**Student:** 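I'd like to ask you about the structure that follows.
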2 protein chains.
Amino acid sequence: MKKKIAEDALKDLSTEEKIKEAARKLFTQKGYAQVKTRDIAAEAGINLALLNYYFRSKEKLFELIMMENFKKFMDGISVKVVDEKIPIAEKLQRIVEDYIDFLTKHPDLPLFILNELRSNPSIIAARIDTEVRPIRSHLINQLQEAIKAGTIEPIEPFHFMANLVGLTIFPFIGRPILQRVINVNDEKFHQLMQERKKLIPLWINAILHTKKNLN
Amino acid sequence: MKKKIAEDALKDLSTEEKIKEAARKLFTQKGYAQVKTRDIAAEAGINLALLNYYFRSKEKLFELIMMENFKKFMDGISVKVVDEKIPIAEKLQRIVEDYIDFLTKHPDLPLFILNELRSNPSIIAARIDTEVRPIRSHLINQLQEAIKAGTIEPIEPFHFMANLVGLTIFPFIGRPILQRVINVNDEKFHQLMQERKKLIPLWINAILHTKKNLN
DNA sequence: AAAATATTTAATCAAATGATTAATTCAGCG
DNA sequence: CGCTGAATTAATCATTTGATTAAATATTTT
């Protein structure tokens, strides 16, 4: 019964949770094939057999992490967006702000999801239909109403969505390249991401008022 | 000596080239760890031992593909951009058009590079310094001159670059999600990408004329 | 405390995987 | 042809890797 003096960072967790945390970290960072069960065991500081004892197999454990990650990713999008009847400009501000906060906390998630989606389209595909479509349709409807009302210029919903998501997520995905090319340190990077919370809505707004968006 | 009647698509190549092509396809699509040497041998239609005979090891072969991919990725950026003294608006048109054509031909490259860069920062880092910096500095210089001249509103070079690259590349990276969320078929997708050749420069231009780009 | 149950460990297994070897076939050349 | 080196093959090796087992330890229940 040695008293553990704040030993291994967050490691006063149960064995099961230690394994899951280690798996989450490694899988999310490197993907399924790159991570060996022994890596997870080492990272969690537990015996290899315990992984199978608690989670039956590497694949089962991965699927668990996968689903949790995907849920996280989706929740990051959907919060506070669906029901409220606020104007689109203000809604964009909230979406972008929330999602940049989210990406700051989970910078590895987008690449994980994109990779998973490429190598395993079917599993995630279904969840997109059920979980993302509602949000999309709500937002896109609002967009199209604004177009009809003449408030903004016509634009393909695909372009609108690609721009919104691209402007928000890409800096985090492309961070290693961008930061090196433009020569920006970590502190400056985060400062810039905070700026983008205000700037992206402005830019999207500018885009939505640019003529000749169609044809 | 059976006459091969246009047998296996592009497979009148030498054995060495067959292996390389198979490796390029699989590595670029799935990454190093997911691809087994036996997969490459099968895809190339050759005996497993030939892989080591020609390329010594899986790792050597991967590094070769890696470097070629990276070079491709960089050439995609740098063409026609550096020296010419054309105005920034027109230069953007060329960059975007060239790069969308390039991405249409090599849609798997961005994700490959981003993954490689995350798991292996050092190797590629050096090449960014030598190969990308010159282009960057030229383009950024031109941007900052335009800002000084009052032609465009002030903007952080990082934001400018992230927006340009993000708007151009992200639709290709996020294609599986976007296409499903917005419900766009493959033909429509390519049509939209062609549209973006004209639209992205317009949008960037709108962004560059948005006030309060800096806090 | 004793029994029962849950957790943990060390050792080992079987399959997968990267690599090598030795033998065989092929191609060019005198 | 018959020789020579390159190309190819089948078989095998050694290591890695996911998984299992049986024994040991800890915890809970009675």
Side-chain angles (χ1 to χ4, degrees), chain A residues 1-4 7-8 10-68 112 115-116 119-120 123, chain B residues 1-4 7-8 10-67 115-116 119-120 123:
Chain A
M1 280 309 140
K2 303 152 192 168
K3 229 191 284 176
K4 303 199 172 183
E7 202 189 63
D8 211 349
L10 337 164
K11 300 301 180 179
D12 285 333
L13 306 168
S14 73
T15 301
E16 189 174 352
E17 280 168 336
K18 274 193 278 187
I19 298 173
K20 211 164 115 180
E21 283 315 306
R24 185 194 325 286
K25 176 181 168 184
L26 295 179
F27 279 145
T28 306
Q29 236 166 46
K30 309 187 181 187
Y32 181 81
Q34 257 120 345
V35 175
K36 311 305 173 188
T37 53
R38 282 166 178 78
D39 300 340
I40 300 174
E43 173 78 24
I46 54 98
N47 185 289
L48 173 59
L50 289 175
L51 189 152
N52 297 75
Y53 177 73
Y54 282 107
F55 297 95
R56 182 161 174 78
S57 75
K58 179 191 180 187
E59 203 177 332
K60 286 269 193 303
L61 178 55
F62 180 76
E63 275 170 27
L64 183 70
I65 301 300
M66 226 268 276
M67 286 307 176
E68 290 193 8
F112 174 89
N115 280 319
E116 204 43 43
S119 59
N120 218 333
I123 293 182
Chain B
M1 281 307 141
K2 303 152 193 169
K3 231 191 285 178
K4 303 198 172 184
E7 201 189 65
D8 212 348
L10 336 165
K11 300 300 179 180
D12 285 331
L13 306 168
S14 73
T15 300
E16 189 174 353
E17 280 168 336
K18 274 193 277 186
I19 299 173
K20 212 164 114 180
E21 283 314 307
R24 183 193 326 285
K25 176 181 167 185
L26 295 179
F27 279 145
T28 307
Q29 236 167 46
K30 310 186 180 186
Y32 181 81
Q34 257 119 347
V35 175
K36 311 304 173 186
T37 53
R38 282 165 178 80
D39 300 340
I40 300 175
E43 172 79 23
I46 53 99
N47 186 289
L48 173 59
L50 288 176
L51 191 152
N52 297 70
Y53 178 74
Y54 282 106
F55 297 95
R56 182 159 175 78
S57 76
K58 179 190 179 186
E59 203 177 334
K60 285 267 192 307
L61 178 55
F62 179 77
E63 275 170 27
L64 183 71
I65 301 301
M66 225 269 274
M67 285 308 176
N115 280 319
E116 204 43 43
S119 59
N120 217 335
I123 293 183

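Residue numbering restarts at 1 for every chain, and letters A, B, ... go by the order of the sequence lines. Because the structure is predicted, anything quoted here is derived from the model rather than measured.
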**Student:** A/Thr28: which residues meet the side chain to side chain donor-acceptor pair (under 3.5 Å) condition with it, sequence neighbours left out?
**Tutor:** A/Asn69
**Student:** To the nearest angstrom, how far is A/Glu59 atom CD from C/dA15 atom C1'?
**Tutor:** 15 Å
**Student:** Measure from NZ on A/Lys60 to P on D/dG18 and round the result to the nearest Å.
**Tutor:** 16 Å
**Student:** Hey, could you give me each pair passing side chain to side chain donor-acceptor pair (under 3.5 Å) that has a residue in residues 30-40 of chain B? Not counting sequence neighbours.
**Tutor:** none
**Student:** Listed in order of residue number, which residues of residues 48-57 of chain A have a non-hydrogen atom at under 4.0 Å from DNA chain C?
**Tutor:** A/Ala49, A/Leu50, A/Tyr53, A/Tyr54
**Student:** Just the rounded figure in Å: distance from P of C/dA19 to CD1 of B/Ile40.
**Tutor:** 10 Å
**Student:** Report the residues that fulfil salt bridge (charged side-chain N to carboxylate O under 4.0 Å, His left out) with A/Glu68, sequence neighbours left out, ordered by chain and then residue number.
**Tutor:** A/Lys20, A/Arg24
**Student:** Find the distance A/Ile46:CD1 to D/dT25:C1' and express it as a whole number of Å.
**Tutor:** 17 Å
**Student:** Take atom CD of B/Glu17 and atom P of D/dA7, then tell me their distance rounded to the nearest Å.
**Tutor:** 13 Å
**Student:** Scan residues 28-39 of chain A against DNA chain D and write down, sorted by residue number, each residue with any heavy atom closer than 4.0 Å; if none is found, say none.
**Tutor:** A/Val35, A/Lys36, A/Thr37, A/Arg38
**Student:** Could you give the CG-to-C1' distance, from A/Asn47 to D/dA26, as a whole number of Å?
**Tutor:** 15 Å
**Student:** Could you check how far CG of B/Leu26 sits from C1' of C/dT17, rounded to whole Å?
**Tutor:** 16 Å
**Student:** To the nearest Å, give me how far apart CZ (A/Phe62) and C1' (D/dA19) are.
**Tutor:** 19 Å
**Student:** If you compare all heavy atoms of A/Thr15 against all heavy atoms of A/Ile46, which two are closest, and at what distance to 0.1 Å?
**Tutor:** CG2-CG2, 4.0 Å
**Student:** Show me the pairs that pass side chain to side chain donor-acceptor pair (under 3.5 Å) and involve residues 46-59 of chain A, at least two apart or across chains.
**Tutor:** none
**Student:** For B/Lys60 and B/Phe55, work out which heavy atoms get closest and say how close.
**Tutor:** CB-O, 3.3 Å
**Student:** Residues two or more places apart in sequence or in another chain: which of them pass side chain to side chain donor-acceptor pair (under 3.5 Å) with A/Lys25?
**Tutor:** A/Glu43
**Student:** Before you tell me yes or no, could you show the steps for A/Ile40 and A/Leu61 under side-chain contact (heavy atoms from CB on, under 4.5 Å), namely the whole-Å CA-CA distance, both residues' side-chain angles and the distance that decides it to 0.1 Å?
**Tutor:** CA-CA 11 Å; A/Ile40 300 174; A/Leu61 178 55; 4.2 Å; yes
**Student:** Under a 4.5 Å cut-off applied to non-hydrogen side-chain atoms, are B/Phe27 and B/Glu116 in contact?
**Tutor:** no
